[in-house]
Amino acid sequence: NRSPQQPASPGGIAMRPRYARGPDDEKRALGFACLLAVCAALVVSGISLLAAAGRDHARADVLEHLSAVLGRWDSGERARFAAIGGVSVALNHTRWHLTRDQAVRPLVHSSEPDAPSFGALAFEATSSPLGALPWSEEATWAVAFDISLGDGGEAFRLQLDKPIALARRVRMFANHKTCSAGAWPGMWVPSEARCFGFEVLEELCVKVRPVGSSAWALDDEGGGVGCHEHESWSPTRYSRVRGRHTGAGRYAEPEQMDLSSLRVQLRSASDPLIEARKATHDTLDLPVPPRLRAAGGLELLVCGLVLATPALCFFAERRWGQPGCVSDDTDEQPSPDTAAPPPAESEAEVYSRLRSAPVGRPEQREARRRDECELSAAAEGP
């Protein structure tokens with residue numbers, strides 16, 4: 001028997017079609033079409049990154065601004081701030097002294113050779129004598145910084161306008177089932193149908209500016225006297241703590257708040273670190289260098305073109321593949337001129353072949369219909 005998918009050559013050699021659509025052809029076409037859409041997105045993204053890398057000056061602008069800030073800091077602002085002899089902080093009736101930090105450190109988080117560094121100057125304490133205190137969210141403490149100019153010089157006090165809370169309760173977006181799950185479980189309050197977490201004061205930092213020739217005042221530029229932009233320049237920063245486990249997967253307020261690692265800082269408003277936080281939106285991360293952006297765009301472009309190759313070959317073969325058959329036998333085949341003609345079939349042999357041929361597939365039904373038409377036309381005669 002002879003089927004359309006496996007025709008026989010005149011010499012009886014098995015032949016296969018150059019391209020034949022199978023039952024899964026449409027599914028393959030849909031899959032390759034989706035792949036082409038993804039590849040097109042990769043190519044467009046790569047071209048966009050390559051184009052943006054050529055006209056991107058954000059990193060150069062930030063570095064130029066920080067270079068100007070470092071120039072002013074080294075030329076006079078640092079020496080003026082260094083004239084402060086000593087600083088102490090008082091929280092209510094507890095007082096301790098701050099020490100000078102004069103280390104040279106990177107100004108931003110970058111390992112690139114163009115990343116600037118600066119000679120820091122700040123007064124800080126990385127621990128406090130407060131220790132562990134009973135948990136209290138309502139208690140507020142007054143904060144003051146006592147500054148003395150040089151040895152035996154003038155001394156004055158800078159008082160924060162508002163007292164600060166050493167601990168606080170913050171709302172968590174969770175339901176009664178997920179409130180006590182995760183690394184920082186919270187407390188579910190049925191009367192309010194809300195979940196609350198707990199935070200303890202982690203850092204107290206204020207910035208000051210010179211007033212006249214020998215005085216200093218709190219600097220509220222940006223809306224607050226703090227050192228961090230993402231905290232709305234608030235002088236306080238808090239860290240999350242775990243609640244007290246009460247059993248049955250429920251948590252309540254902690255019994256104590258640990259303030260032994262409270263960090264306190266006093267910085268100049270002209271400090272390059274403050275300016276760097278303003279320029280980088282408090283991340284201290286410089287914009288991506290243009291060469292890295294161009295490399296990323298080139299990678300996307302190459303990946304898109306490589307992944308698109310199988311899909312393009314599939315659609316090209318489907319669209320421009322020529323009809324006909326090629327032999328499955330790699331040996332040399334006789335030419336059509338020398339090949340023996342196929343033996344003529346009698347009418348009985350044609351009817352027998354048609355009755356025994358499978359007709360399950362559409363291609364087979366179509367081939368049988370054509371054979372029947374040809375047989376009928378030959379029987380009717382001219």
Side-chain angles (χ1 to χ4, degrees), residues 86-101 122-148 155-174 179-192 194-208 218 220 223-267 282:
V87 178
S88 62
V89 60
L91 271 72
N92 278 4
H93 304 292
T94 305
R95 179 190 305 273
W96 66 97
H97 293 278
L98 309 184
T99 59
R100 287 176 180 260
D101 175 23
F123 295 88
E124 69 173 5
T126 57
S127 61
S128 75
L130 297 176
L133 301 176
W135 182 269
S136 175
E137 301 169 9
E138 293 76 15
T140 56
W141 290 40
V143 180
F145 288 86
D146 295 323
I147 300 177
S148 61
F156 51 91
R157 166 168 286 199
L158 301 179
Q159 181 91 29
L160 295 186
D161 295 336
K162 298 179 180 180
I164 64 172
L166 301 183
R168 65 182 184 182
R169 179 192 299 184
V170 294
R171 183 181 177 183
M172 299 172 57
F173 293 96
C179 181
S180 58
W184 307 105
M187 177 181 65
W188 179 257
V189 180
S191 60
E192 302 182 26
R194 291 180 178 180
C195 179
F196 294 94
F198 309 101
E199 294 182 344
V200 173
L201 183 63
E202 177 187 31
E203 180 181 310
L204 175 63
C205 180
V206 298
K207 59 183 188 295
V208 295
L218 295 174
D220 58 356
V225 299
C227 306
H228 296 275
E229 183 185 29
H230 76 276
E231 299 286 347
S232 300
W233 300 108
S234 171
T236 57
R237 292 184 67 186
Y238 295 84
S239 61
R240 184 68 61 87
V241 295
R242 294 175 61 89
R244 175 171 49 89
H245 188 240
T246 59
R250 298 185 179 276
Y251 291 82
E253 297 175 347
E255 295 181 351
Q256 295 180 331
M257 47 186 177
D258 186 11
L259 299 172
S260 58
S261 58
L262 173 62
R263 184 180 182 184
V264 183
Q265 288 185 329
L266 180 73
R267 291 187 172 274
D282 216 15

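Within the model, atoms CD of Q265 and OG1 of T126 stand 10.0 Å from one another, a figure rounded to the nearest 0.5 Å. A distance of 6.0 Å separates CG in L218 from CG in L160, rounded to the nearest 0.5 Å. R240 contributes atom CZ, which lies 12.5 Å from atom CD of E202 (distance to the nearest 0.5 angstrom). Of the inter-residue distances, the one linking L201 atom CG with T236 atom OG1 reads 6.5 Å to the nearest 0.5 angstrom. Note that OG of S88 is 9.0 Å distant from CD1 of I147, once rounded to the nearest 0.5 Å. Of the inter-residue distances, the one linking L91 atom CG with L166 atom CG reads 6.5 Å to the nearest 0.5 angstrom.
A125 approaches H97 most closely through the heavy-atom pair CB-O, 4.2 Å. The shortest non-hydrogen separation linking A252 to M187 is CA-SD, 3.8 Å. Shortest non-hydrogen contact noted between G226 and K207 is O-NZ, 2.9 Å. The two atoms that bring S136 and A167 nearest to each other are O-CB, 3.8 Å, heavy atoms only. Nearest heavy-atom pair, C195 versus A174, reported as atom, atom and distance to 0.1 Å: CB-O, 3.9 Å. Here the shortest heavy-atom pairing between P185 and S180 reads CB-O, 3.4 Å.
Residues L130 and S260 are not in side-chain contact: their nearest non-hydrogen atoms beyond the backbone lie 4.5 Å or more apart. When side chains are defined from C-beta on, T246 does not count as touching Y251, because their heavy atoms never get closer than 4.5 Å. Side-chain contact check for L259 versus V200: some heavy-atom pair is nearer than 4.5 Å. Two residues are said to be in side-chain contact when any heavy atoms from C-beta on lie closer than 4.5 Å; P254 and W135 meet this criterion. In this structure the side chain of V208 never reaches within 4.5 angstrom of the side chain of F145, judged on heavy atoms. For the pair M172 and R194, the minimum side-chain heavy-atom distance is 4.5 Å or more. Two residues are said to be in side-chain contact when any heavy atoms from C-beta on lie closer than 4.5 Å; T140 and I164 fail this criterion.
Evaluation of the salt bridge (charged side-chain N to carboxylate O under 4.0 Å, His left out) rule for R267 yields D271 as partners, not counting sequence neighbours. The salt bridge (charged side-chain N to carboxylate O under 4.0 Å, His left out) search around R263 returns E124, not counting sequence neighbours.
Using a distance-only test at 3.5 Å, with no hydrogens or angles considered, a donor-acceptor pair links the side chain of D282 to the main chain of H230. Of the possible donor and acceptor atoms, one in the side chain of N92 sits under 3.5 Å from a partner among the backbone N and O of A142.
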| message | Let's go through V87 and T99 carefully: what are the C-alpha distance in whole Å and the side-chain angles of both, what is the deciding distance for side-chain contact (heavy atoms from CB on, under 4.5 Å) to 0.1 Å, and is it a yes or a no? | response | CA-CA 8 Å; V87 178; T99 59; over 6 Å; no
| message | Run the ring-ring contact (aromatic ring centres under 6.0 Å, His included) test on W184 and F198 for me, step by step, so that the C-alpha distance in whole Å, both residues' side-chain angles and the decisive distance to 0.1 Å come before the verdict. | response | CA-CA 9 Å; W184 307 105; F198 309 101; over 10 Å; no
| message | Please evaluate residues W233 and V206 with respect to the criterion side-chain contact (heavy atoms from CB on, under 4.5 Å), reporting the C-alpha separation (whole Å), side-chain torsions for both, the decisive distance (0.1 Å), and the verdict. | response | CA-CA 9 Å; W233 300 108; V206 298; over 6 Å; no
| task | List the steps, then state whether side-chain contact (heavy atoms from CB on, under 4.5 Å) holds for V170 with F196. | result | CA-CA 5 Å; V170 294; F196 294 94; over 6 Å; no
| task | Report the C-alpha distance between V264 and W96 in whole Å, list the side-chain angles of each, state the deciding distance to 0.1 Å, and finish with yes or no for side-chain contact (heavy atoms from CB on, under 4.5 Å). | result | CA-CA 10 Å; V264 183; W96 66 97; 3.7 Å; yes
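In the displayed structure, R250 atom CZ is contacted under 6.0 Å by at most 12 heavy atoms of other residues, nucleotides or ligands. For E192, the CD atom sits in a packed shell: over 12 heavy atoms of surrounding residues, nucleotides or ligands are nearer than 6.0 Å.
Between R168 and E199 a salt bridge is recorded (basic side-chain N to carboxylate O distance below 4.0 Å). A salt bridge links R169 with E253: the closest approach of a Lys/Arg side-chain nitrogen to an acidic carboxylate oxygen falls below 4.0 angstrom.
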